[in-house]
*Asks:* 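Structure incoming, see below.
Numbers for residues simply follow the sequence, beginning at 1. The figures here come from the full heavy-atom set of this structure, side chains too, leaving out hydrogens, waters and symmetry mates. Bear in mind the structure is a predicted one, so any value in this text is a computation, not a measurement.
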Amino acid sequence: MKELFHEISSTMRNNKLRTTLTGFAVSWGLFLLIALLGAGNGLMNSFTGNVEEYISQNVSIEGWYTSEPYNGYQSGRRISLDEKDVAYTAGSEWENVIENVTRTSESRSDTLGLGGRTVNGYVMGVMPEYQEENKLKMAYGRFLNKNDISERKKVAVIALTQAKELSPKDPGDLIGQWVSCGKIALLVVGIYHTDERDWRRTVAIPYSTFKGVYDNSDKVESITFNLKGLRTLKDYENFEKEYGAAIKRRHDISPTDNRGIWIQNGYTDNLQMSKAQSVMSTAMWILGLLTLISGIVGVSNIMLITVKERTHEFGIRKALGAKPREIMKLIIAESISITAVFGYLGMFLGMLACELMDKTIGQRGVNIGFDEIKMLVNPSVGLDVAVEATILLILAGTLAGAIPAWKAAKVKPIEALRAE
């Protein structure tokens with residue numbers, strides 16, 4: 001075995017260009033595979049993380065302006081949902097599909113004040129489920145609860161950006177303090193997390209309190225609920241079509257009017273996002289495998305050239321008594337050595353490229369108007385995937401060397417000695 005390794009190293013030293021070309025093909029193929037997969041994973045992580053922040057597993061419906069005249073009404077009519085729509089949604093007709101029905105009031109622009117400092121906000125009456133529906137994370141205190149609703153408490157949950165303006169030194173000090181809000185005072189019981197880029201400035205107060213103070217009508221801004229018993233994208237789309245048609249009939253909206261009501265279906269959004277993620281992942285793997293195959297083809301071609309160049313040498317070896325299996329062992333061992341050394345070099349460089357992407361492109365943000373998102377999030381490849389790809393390339397290199405080695409071993413010494 002020692003003699004075999006000595007002979008391989010001697011052959012590689014004597015054929016530096018050939019060895020370098022073979023090694024470059026191996027390293028480059030594996031480097032591109034890992035770099036592409038890392039970038040693809042970073043894009044998918046960015047896509048998933050940023051979209052999931054705004055997509056909830058629920059359905060929300062709001063009234064809007066009609067775009068078609070219908071049943072004696074002109075187009076441009078403002079549609080307002082009401083408590084009857086809430087009762088209908090939670091009623092027996094949909095009890096097998098709909099659960100956890102909640103609603104919100106219309107928002108009202110107002111000014112919060114404390115100790116001479118003021119900040120603008122949009123006061124909205126909400127239910128406790130509003131926190132989960134809108135994925136609000138509490139920075140301080142708590143969100144609204146059922147007692148706040150039933151007792152019509154004058155409490156509020158405000159945004160962290162608002163809290164920082166009212167209490168610059170320590171926003172958390174606002175918990176338990178009364179702040180003015182127009183003509184009333186509200187006790188701050190919670191502050192939900194935002195940053196300077198966050199567009200949300202909602203002041204959430206109990207729905208019952210809002211109705212008692214600002215609006216005693218039965219109008220609601222939106223109705224939100226969860227779905228049960230549905231599985232496929234087609235199921236969710238059929239439900240949305242049937243429920244939307246029912247609400248349109250209740251408000252004399254044309255069946256073909258797509259603007260009279262607005263339905264945000266988080267279930268279909270999530271399924272479509274998962275489908276897009278799957279397509280993106282498949283595309284990246286296809287590109288990566290094509291790159292790896294190109295590296296394998298490069299190794300195979302170079303090994304064929306290598307065997308061709310050494311045909312004369314193999315003839316001499318066979319004339320001196322070398323057996324075919326010894327020649328095959330020599331070529332295969334050389335192929336494995338080159339692909340293993342340069343394969344792991346390519347793997348290391350690919351992993352390093354992923355780290356560089358994370359430290360450079362991964363730290364850059366793209367402004368999308370109301371927020372800023374990162375281009376790449378954790379652009380990396382699992383060590384298991386990288387090692388498996390490297391082993392695959394080594395096996396491919398072995399096969400690439402075995403085929404021409406087998407052909408070379410079958411050549412008769414006299415024919416090999418005649419080869420140029």
*Asks:* Between Phe210 and Arg108, is there a cation-pi geometry (under 6.0 Å to ring centre, at most 45° from the normal)?
*Replies:*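 Checked: cation-pi criterion not met.
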
*Asks:* Where do Lys154 and Leu187 land on the side-chain contact (heavy atoms from CB on, under 4.5 Å) test, with the steps shown first?
*Replies:* CA-CA 6 Å; Lys154 292 182 179 179; Leu187 178 67; over 6 Å; no

*Asks:* Taking Thr118 for the side chain and Thr111 for the main chain, is one N or O donor matched with an acceptor at less than 3.5 Å?
*Replies:*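 Absent.
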
*Asks:* I'd like to know if the side chain of Ser150 reaches the main chain of Asn147, judged simply by a donor and an acceptor atom lying under 3.5 Å from each other, with no hydrogens or angles considered.
*Replies:* yes

*Asks:* Mind listing the closest non-hydrogen atom pair of Pro255 and Lys248 along with its distance?
*Replies:* O-NZ, 3.4 Å

*Asks:* Should we count CZ of Arg231 as having more than 12 external heavy atoms under 6.0 Å?
*Replies:*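 Counting neighbours around CZ of Arg231, 12 or fewer heavy atoms of other residues, nucleotides or ligands fall under 6.0 Å, so no.
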
*Asks:* Considering only heavy atoms from C-beta outward, does the side chain of Tyr130 approach that of Val157 to under 4.5 Å?
*Replies:* no

*Asks:* Looking only at heavy atoms, which two atoms of Cys354 and Val381 are closest? And how far apart?
*Replies:*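 Cys354 and Val381 have their closest heavy atoms at SG-CG2, 4.4 Å.
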
*Asks:* Would you name the heavy atoms of Gln162 and Thr202 that are closest together and state the gap between them?
*Replies:* OE1-O, 4.1 Å

*Asks:* Please identify which of these residues, Asn100, Thr102, Asn58, meets the side chain to side chain donor-acceptor pair (under 3.5 Å) condition with Asn226.
*Replies:* Asn100

*Asks:* To check you understand the geometry: which heavy-atom pair defines the closest contact between Tyr207 and Gly125, and what is its length?
*Replies:*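 Minimum heavy-atom separation between Tyr207 and Gly125: CD1-O, 3.6 Å.
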
*Asks:* Tyr73 side chain to Asp252 main-chain N or O, any donor-acceptor pair under 3.5 Å?
*Replies:* no

*Asks:* Would you indicate whether the side-chain heavy atoms of Pro206 and Val155 approach each other to under 4.5 Å?
*Replies:*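 Heavy-atom side-chain distance check passes, below 4.5 Å.
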
*Asks:* Quick one: are Asp235 and Thr232 in side-chain contact, heavy atoms under 4.5 Å?
*Replies:*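 A side-chain contact exists here, since the closest heavy-atom pair is under 4.5 Å.
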
*Asks:* List for me each residue that meets ring pair (Phe, Tyr, Trp, His ring centres under 6.0 Å) alongside Phe31, sequence neighbours excluded, and say none if there are none.
*Replies:*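 Ring pair (Phe, Tyr, Trp, His ring centres under 6.0 Å) list for Phe31, sorted by chain: Trp28.
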
*Asks:* Should Ile253 and Ile79 count as side-chain neighbours, where that means a heavy-atom distance under 4.5 Å?
*Replies:*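 SC-SC contact between Ile253 and Ile79 confirmed.
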
*Asks:* Can you see which heavy atom on Pro171 is nearest to which on Tyr140, and at what distance?
*Replies:*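 Closest pair (atom of Pro171, atom of Tyr140, distance): CB-CE1, 4.2 Å.
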
*Asks:* Hey, do the aromatic rings of Phe225 and Tyr243 have their centres closer than 6.0 Å?
*Replies:*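 Ring-ring flag for Phe225/Tyr243: true, centres closer than 6.0 Å.
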
*Asks:* Please give me the minimum heavy-atom distance between Leu112 and Leu166, naming the atom from each residue.
*Replies:*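 Scanning both residues, the minimum pair turns out to be O-CD2, 4.0 Å.
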
*Asks:* Test your reading of the model: is there a side-chain donor-acceptor pair from Ser254 to the backbone of Tyr70, 3.5 Å cut-off?
*Replies:*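 No.
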
*Asks:* Could you tell me whether the side chain of Leu271 reaches within less than 4.5 Å of the side chain of Thr268, counting heavy atoms only?
*Replies:* no

*Asks:* Ile158 and side chain to side chain contact (heavy atoms under 4.5 Å, CB included): which partner among Leu174, Val119, Thr194?
*Replies:* Leu174

*Asks:* Do any N or O atoms from the side chain of Asp215 and from the backbone of Ser217 form a donor-acceptor pair under 3.5 angstrom?
*Replies:*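 Indeed, once roles are kept as given, a pair shorter than 3.5 Å links the two residues.
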
*Asks:* Measure from the side-chain N and O atoms of Asn238 to the backbone N and O of Lys234, and report whether any donor-acceptor pair falls under 3.5 Å.
*Replies:*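 Indeed, once roles are kept as given, a pair shorter than 3.5 Å links the two residues.
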
*Asks:* For atom CZ of Arg250, decide whether the heavy atoms of other residues, nucleotides or ligands shown that lie under 6.0 angstrom number more than 12.
*Replies:*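 Atom CZ in Arg250 is packed in, count exceeds 12.
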
*Asks:* Is Ser27 reaching over with its side chain to a backbone N or O of Phe342, donor-acceptor style, under 3.5 angstrom?
*Replies:* yes

*Asks:* Is the number of heavy atoms from other residues, nucleotides or ligands under 6.0 Å of Trp64 CH2 greater than 12?
*Replies:*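 No, because the 6.0 Å sphere around CH2 of Trp64 holds 12 heavy atoms or fewer from other groups.
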
*Asks:* Do Asp148 and Arg142 meet the salt-bridge criterion of a basic N to acidic O distance under 4.0 Å?
*Replies:*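 Yes.
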
*Asks:* Give a yes or no on whether Lys153 atom NZ has more than 12 heavy-atom contacts from other residues, nucleotides or ligands under 6.0 Å away.
*Replies:*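 Yes, enclosed.
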
*Asks:* Is the backbone N or O of Asp82 less than 3.5 Å from a side-chain atom of Asp85, with the two atoms forming a donor-acceptor pair by type?
*Replies:*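 Between the backbone of Asp82 and the side chain of Asp85 there is a qualifying donor-acceptor contact (under 3.5 Å).
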
*Asks:* Run the side chain to side chain donor-acceptor pair (under 3.5 Å) check on Ser60 and Glu133 step by step: do they pass?
*Replies:* CA-CA 9 Å; Ser60 181; Glu133 292 166 358; over 6 Å; no

*Asks:* Contact between Gln264 and Ser222 at the side-chain level, heavy atoms closer than 4.5 Å - yes or no?
*Replies:* no

*Asks:* Should we count OH of Tyr214 as having more than 12 external heavy atoms under 6.0 Å?
*Replies:*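 Yes.
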
*Asks:* Regarding Glu129 and Thr224, is there a side-chain donor-to-acceptor distance under 3.5 Å anywhere?
*Replies:*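 No - no donor-acceptor pair under 3.5 Å links their side chains.
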
*Asks:* Might you confirm whether atom OH of Tyr344 has over 12 heavy atoms from other residues, nucleotides or ligands at distances under 6.0 Å?
*Replies:*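 Counting other residues, nucleotides and ligands, OH of Tyr344 exceeds 12 neighbours.
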
*Asks:* Just so I know, are the side chains of Arg103 and Met127 near enough to count as touching, which here means a heavy-atom distance under 4.5 Å?
*Replies:*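 They are in side-chain contact.
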
*Asks:* Quick one: does Tyr236's side chain get under 4.5 Å of Val59's, heavy atoms only?
*Replies:*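 When only atoms from C-beta onward are counted, Val59 and Tyr236 do not touch, as no gap falls below 4.5 Å.
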
*Asks:* Would you say the side-chain atoms of Ser208 pair up with the backbone N or O of Ile149, donor to acceptor, closer than 3.5 Å?
*Replies:* yes

*Asks:* For Asp218, does its backbone N or O pair with a side-chain atom of Lys211 as donor and acceptor, under 3.5 Å?
*Replies:*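 Absent.
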
*Asks:* If you draw a 6.0 Å radius around NZ in Lys228, do more than 12 non-hydrogen atoms from other residues or ligands fall strictly inside?
*Replies:* yes

